[in-house]
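Note sheet for the following structure.
As a basis for the values below, the full set of heavy atoms in this structure was taken, side chains included, without hydrogen atoms, waters or symmetry mates. Note on naming: letters A, B, ... go to the chains in the order of the sequence lines (proteins, then strands), and numbering restarts at 1 for each one.
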There are 2 protein chains.
Amino acid sequence: MPQITSSYHHGDLHAALVGAGLALARKGGVDAVGVRDVTRQAGVSPAAAYRHFEDHRALVLAVALAAQDHLAEAIVARIATETADAPGDRDAAVARLRGVGLGYIDFALAEPGWFELALLTFDPGGEAPSVMVAEQIPAPFLLLLQALDACLDAGILTAAQREHAEWPCWSAVHGFADIATRGPLRGQDPAVLAALGADVVERIIAGVRADR
Amino acid sequence: MPQITSSYHHGDLHAALVGAGLALARKGGVDAVGVRDVTRQAGVSPAAAYRHFEDHRALVLAVALAAQDHLAEAIVARIATETADAPGDRDAAVARLRGVGLGYIDFALAEPGWFELALLTFDPGGEAPSVMVAEQIPAPFLLLLQALDACLDAGILTAAQREHAEWPCWSAVHGFADIATRGPLRGQDPAVLAALGADVVERIIAGVRADR
DNA sequence: ACGCTATGTTCACAGTGTTTACATCGACAA
DNA sequence: TTGTCGATGTAAACACTGTGAACATAGCGT
């Protein structure tokens with residue numbers, strides 16, 4: 001177990017910096033996580049960050065990955081409550097799909113700062129995104145894919161309906177989260193936002209289930 | 001007509017700065033429009049910008065408004081082509097709605113830099129968004145509202161379906177544009193993106209028209 | 001012709017990300 | 001135990017940014 005040296009050498013600065021970034025991002029969003037602020041919060045000199053991160057971008061991205069984990073947790077939590085009382089396979093499948101969307105929106109409304117960070121995860125920033133390797137598919141997106149596959153298995157969706165269904169689903173839910181977080185709906189009554197979000201989720205599910 | 005003085009006093013620096021910002025934002029997005037870059041491009045000293053804009057934010061917002069105009073133009077253009085060969089009132093109404101969505105996506109894919117700017121328009125940045133005054137409803141959003149109302153009038157949508165329908169529609173289209181622009185779909189083949197975008201539009205329209 | 005005001009310039013300041021040279025700790029080997 | 005060395009943190013500097021204050025110029029109205 002790493003002793004707390006309390007002088008010069010930090011126990012695990014990498015983790016400490018990510019933690020500080022997470023705390024700063026919670027209020028203030030992505031702009032609040034700067035090299036100087038993070039290192040200041042960790043009680044360390046600015047240049048120390050460069051021993052653990054290539055870049056400012058790299059630091060932000062590490063924090064973003066942590067935020068993404070929290071997003072995934074929020075989604076699985078909401079899936080659990082939605083599928084709690086869903087009797088049949090068919091009901092459970094759509095409840096699960098609904099849970100993904102509502103969990104995503106939940107998180108965006110509850111933690112807008114972290115949500116903003118989590119979005120950076122989907123943008124490698126590099127040159128060629130090309131093909132997404134299975135290993136690096138973001139957990140939240142994976143949960144959506146699995147929920148849609150479950151709908152296919154349960155007979156909720158036909159094969160034709162399942163095809164590419166992840167994009168309309170993700171688009172609607174992510175779009176609403178963005179609108180409610182940074183867009184014209186920002187600052188509105190949380191209850192109203194939750195109701196509108198639920199409406200969006202229901203309607204996109206209906207759209208995906210519609211005849212083709 | 002303002003003579004080109006070519007020394008010290010610029011003809012219309014306000015417009016020139018917005019133009020320069022537009023040019024810079026086209027490649028480079030919102031980050032490229034900084035006070036120093038814009039003034040440099042306009043051939044003027046950095047502090048000159050502060051005679052015409054309160055703030056860096058204010059400058060960016062002015063450029064964003066210009067970008068938003070271009071977005072609105074792209075939408076009306078696409079509406080025109082979609083409704084060109086739509087015989088009945090009912091077909092014309094859904095064609096118009098489809099045109100709004102496709103135009104939005106068109107613009108995002110064709111001019112990602114400007115699109116990023118245009119989004120800032122919907123975010124006043126100030127404290128209380130509260131109620132949107134009719135006068136300051138962004139033109140693109142207004143086009144959506146009008147298209148939905150036309151669907152109501154044409155009997156495509158019931159009153160219950162029309163209610164709050166702007167949010168699922170905007171969420172889906174905006175969400176897809178964001179995903180295709182900054183998200184995991186960025187850099188993908190334009191033809192594929194256009195097809196996926198069209199699919200998203202069709203499915204959200206189906207979702208809005210579904211039984212309630 | 002004389003100001004007056006609008007507009008643009010210069011200089012300075014605080015803050016940022018980042019690099020370079022130096023200091024210190026912890027561990028491993030003779 | 002002692003010496004050395006790599007890993008880790010510090011200090012100082014650089015280039016850059018947005019922004020404000022003091023100054024300069026141009027053109028308009030009296």
Locate the shortest heavy-atom distance separating A/L152 from A/L157; write the atom from each residue and the value. CD1-O, 3.4 Å
Who pairs with A/F115 by ring pair (Phe, Tyr, Trp, His ring centres under 6.0 Å), at least two apart in sequence or on another chain? A/Y104
Determine whether B/L120 and B/L61 satisfy the following criterion, side-chain contact (heavy atoms from CB on, under 4.5 Å), listing intermediate values before the conclusion. CA-CA 7 Å; B/L120 301 182; B/L61 215 121; 5.7 Å; no
Counterpart residues, side chain to side chain donor-acceptor pair (under 3.5 Å), relative to A/R96 (two or more places apart): none
C/dT7 phosphate, OP1 or OP2: any side-chain N/O from B/H14 under 4.0 angstrom? no
Separation of C/dT18 atom C1' from A/Y50 atom OH, nearest Å, is 5 Å
Shortest non-hydrogen separation from B/A67 to B/F107 and the atoms involved: O-CZ, 3.9 Å
Determine, stepwise, if the pair A/R57 / A/V60 fulfils side-chain contact (heavy atoms from CB on, under 4.5 Å). CA-CA 5 Å; A/R57 266 198 71 83; A/V60 173; 5.8 Å; no
Nearest-nucleotide pick for B/S45, side chain only, options being C/dT10, D/dT8, C/dT18: C/dT10
Here the distance between atom P of C/dT18 and atom CZ of A/F53, to the nearest Å, is 13 Å
Under 3.5 Å, side chain of A/W114 to main-chain N/O of A/L22, donor-acceptor pair present? yes
For the pair made of CG in A/L59 and P in C/dT16, what is the distance, rounded to whole Å? 14 Å
The side chain of B/P46 is closest to which nucleotide in this list: D/dT19, C/dT9, D/dG9? D/dT19
With sequence neighbours excluded, what pairs up with A/D199 under the salt bridge (Lys or Arg N to Asp or Glu O under 4.0 Å) test? A/R203, B/R212
Between D/dG18 (P) and B/L61 (CG): distance, integer Å: 16 Å
Considering only heavy atoms, which members of residues 16-32 of chain A lie under 4.0 Å from some atom of DNA chain C? none
Contacts of B/D178 that satisfy side chain to side chain donor-acceptor pair (under 3.5 Å) - sequence neighbours left out: A/H174, B/R182
To the nearest Å, how far apart are B/D12 CG and C/dT7 P? 10 Å
Name the closest nucleotide to the A/D55 side chain, picking from D/dG20, C/dT18, C/dT9. C/dT18
Summarise protein proximity over nucleotides 12-17 of chain D in one line of letters, 5' to 3': B for base, S for sugar-phosphate only, - for none, counting protein heavy atoms closer than 4.0 Å. -B---B
In whole angstrom, give the distance that lies between atom CZ of A/R51 and atom P of C/dT24. 15 Å
